[in-house]
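First up is the structure itself, then whatever we jot down about it.
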Amino acid sequence: MSLCENLGAMSADSCVGNVSVPLRNLLNSIQCVRDRVRDGESNESDGAFNLSNFWDTLNQAVKAVSQEATKLSLAFSKPPLPTQQDAEKLTESILKSVLTLSTVYYWLPKSQGVSLRRQVRDATVEVLEGVAQLVEVILSSPLQSLTQEQLTSTGSVWSACDQFTQLPQDNKAAVLLVLSAQIGVVKDAIQEIEQALSDAHDPFSDVLDDDQEGDEPRGNQDTYWSDKDRRVIGPCQGLMKASAACLRKLTSAVKANSDVTTPQNLSQLDDLADITKEISPGVDDLALCLYPPMDYSGVENNVSKLAALLKKVLGIIRSSHVCGESELTWVQFLDGVIDHNLQRTRDLIQDN
């Protein structure tokens, strides 16, 4: 290699090293901001809070982050590499947009609803993680070529920013989103058990009767349901369906009756969202223990836990502002359904 080529290579290495410094500083700063947003508390303000103004400002801040991330990605996608001075300007600009986004997020007080704030926080963290990942990719890739990983990371930032247009605009919408997710999971669990029951058969049913000596039971009974198992599953399914009905009815009640104008009503909606988040794990636990070989003590334990949870949910619904006269009717009906299926499961398990 000639002296000129040697000097050129050294110069390129030096340039790469110089632009890496502001990129590494940017990465550290974004990660700190992300961690603060994830774990920090909002600024409670005594004055009136304008939710509409908040959304306008937040959406502008998100748009700015998306644009700055695009600029950064483009600058490191092809030669020539940015100078150290240009790299510093780029990183300062993107850091400013990131800090603005986190500041605007902090404007949203808990008094607007915890469910709403959680969803805005999660979306903000996703944007910050996306930008941090993009910077990491740029640092770890050849600095003068556009890699597929860099394209993917840039797309992830755009996608995270686009999500903001889909976010719930108030706490009522945020709670409805929580309920919708729960209904989906519970519905899936119910359908899986129904499918398993319709598909299930004795794996040895195709063996000729002649091969079966005497009337001794087959050894592999842990691979299929006995008649008693199937009887026990019936009221368990009833309890799972009561869970789904409770979530559907509550969704209708929240749509029709919920109010987000008082702190008390906002807090009640958050309580409903929090308690209903426990329903799908309870239904899943019950569904899982129904598969053969069935452990009756496990089934009884999970049925009791789910029934107790549903009774608690109905109690919170009954004492909340979303429960009117018509809601009281189905609350009382489901209360009876839960008791019936719980008792029926216990009776069938104890029946020899």
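All values below were derived from every heavy atom in this structure, side-chain atoms included, with hydrogens, water molecules and symmetry-related copies excluded.
At a threshold of 4.5 Å between side-chain heavy atoms, the hydrophobic network of Ile, Leu, Val, Met, Phe, Trp and Tyr places L99 and F54 in one connected group. The same ILVMFWY cluster, assembled from side-chain heavy atoms under 4.5 Å apart, contains both L197 and L348. Linking ILVMFWY residues whenever their side-chain heavy atoms come closer than 4.5 Å, directly or via other members, leaves L74 and L23 in distinct clusters. Residues V178 and L272 are members of separate hydrophobic clusters, defined by side-chain heavy-atom contacts under 4.5 angstrom among Ile, Leu, Val, Met, Phe, Trp and Tyr. In the hydrophobic cluster analysis, where Ile, Leu, Val, Met, Phe, Trp and Tyr join through side-chain heavy atoms closer than 4.5 angstrom, V185 is grouped apart from L176.
Annotation: side chain of I275 is in contact with side chain of L309 (closest heavy-atom distance under 4.5 Å). The side-chain heavy atoms of I190 and K241, taken from C-beta on, include a pair separated by under 4.5 Å.
In summary, of the residues considered (D270, D274, D271), a side-chain hydrogen bond (donor to acceptor under 3.5 Å, both in side chains) with S115 occurs for D270 alone.
For S140 (side chain) and V137 (main-chain N/O), a donor-acceptor pair under 3.5 Å exists by modelled atom type. Judged purely by atom type and a 3.5 angstrom limit, Q182 uses its side chain to pair as donor or acceptor with the backbone of S280. Between the side chain of Q268 and the backbone N or O of H321, at least one donor-acceptor pair lies under 3.5 Å. A distance-only check finds no donor-acceptor pair linking the side chain of E68 to the backbone of S66 [under 3.5 Å]. Remark: the backbone N or O of D351 is paired with a side-chain donor or acceptor of K228 at under 3.5 angstrom. A distance-only check finds a donor-acceptor pair linking the side chain of S320 to the backbone of I317 [under 3.5 Å]. When atom types are taken as modelled, the side chain of T91 and the backbone of E88 share a donor-acceptor pair closer than 3.5 angstrom. For S258 (side chain) and K255 (main-chain N/O), no donor-acceptor pair under 3.5 Å exists by modelled atom type.
Atom CZ of R121 is surrounded by more than 12 heavy atoms from other residues, nucleotides or ligands within 6.0 Å. Applying the 6.0 Å contact sphere to CD of E194 captures more than 12 heavy atoms from other residues, nucleotides or ligands. K277 NZ: more than 12 foreign heavy atoms inside a 6.0 Å radius. The local environment of CG in D227 is sparse, with at most 12 non-hydrogen atoms from other residues, nucleotides or ligands closer than 6.0 Å. Annotation for K249: atom NZ does not count as buried by contact number, only 12 or fewer foreign heavy atoms lying within 6.0 Å.
Side-chain atoms of D339 and Q343 include no donor-acceptor pair closer than 3.5 Å. Under the 3.5 Å distance criterion, with hydrogens and angles disregarded, no donor-acceptor pair is assigned to the side chains of T345 and E300.
Residues S243 and V283 come closest through the heavy atom pair OG-CG2, 3.6 Å. The shortest heavy-atom contact between M294 and C289 is CG-O, 3.9 Å. The minimum heavy-atom distance linking T57 with N53 is given by the pair OG1-O, 2.8 Å. What you find for A307 and L239 is that their closest heavy atoms are N-CD2, 4.1 Å. Nearest heavy atom pair, residue A132 against residue L27, reads O-CD1, 3.3 Å. Taking each heavy atom of C236 and L290 in turn, the nearest pair found is SG-CD2, 3.8 Å.
In this structure, L342 CG and D347 CG are separated by 9.5 Å, a value rounded to the nearest 0.5 Å. Atoms CG and OG, from L134 and S73 in turn, are 5.0 Å apart once rounded to the nearest 0.5 Å. The distance from atom CG of D39 to atom CZ of R34, rounded to the nearest 0.5 Å, is 9.5 Å. Remark: W55 CH2 to N50 CG distance equals 13.0 Å, nearest 0.5 Å. Here F164 contributes atom CZ and E126 contributes atom CD; the two are 8.5 Å apart, rounded to the nearest 0.5 Å. Note that CG of L177 and CD of Q119 are 5.0 Å apart. Values are rounded to the nearest 0.5 Å.
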* Derivation and outcome, side-chain contact (heavy atoms from CB on, under 4.5 Å), residues S297 and N301 -> CA-CA 6 Å; S297 64; N301 182 39; over 6 Å; no
* Would you check, one step at a time, whether the test side-chain contact (heavy atoms from CB on, under 4.5 Å) holds for L58 with W107? => CA-CA 10 Å; L58 185 68; W107 288 357; over 6 Å; no
* To do: Mind running salt bridge (Lys or Arg N to Asp or Glu O under 4.0 Å) on E129 and R38 for me, showing each step along the way?
  => CA-CA 11 Å; E129 282 183 340; R38 186 188 280 140; 2.5 Å; yes
* Asked: Does the pair Y106 and R36 meet the rule for a side-chain contact (heavy atoms from CB on, under 4.5 Å), with working shown?
  -> CA-CA 10 Å; Y106 276 118; R36 280 205 302 274; 3.7 Å; yes
* Yes or no on salt bridge (Lys or Arg N to Asp or Glu O under 4.0 Å) for E92 and K89, after CA distance, side-chain angles and deciding distance? -> CA-CA 5 Å; E92 280 170 20; K89 279 182 186 172; over 6 Å; no
* **Candidate pair L328 and Q332, rule side-chain contact (heavy atoms from CB on, under 4.5 Å), full reasoning** => CA-CA 6 Å; L328 207 52; Q332 289 167 343; 4.0 Å; yes
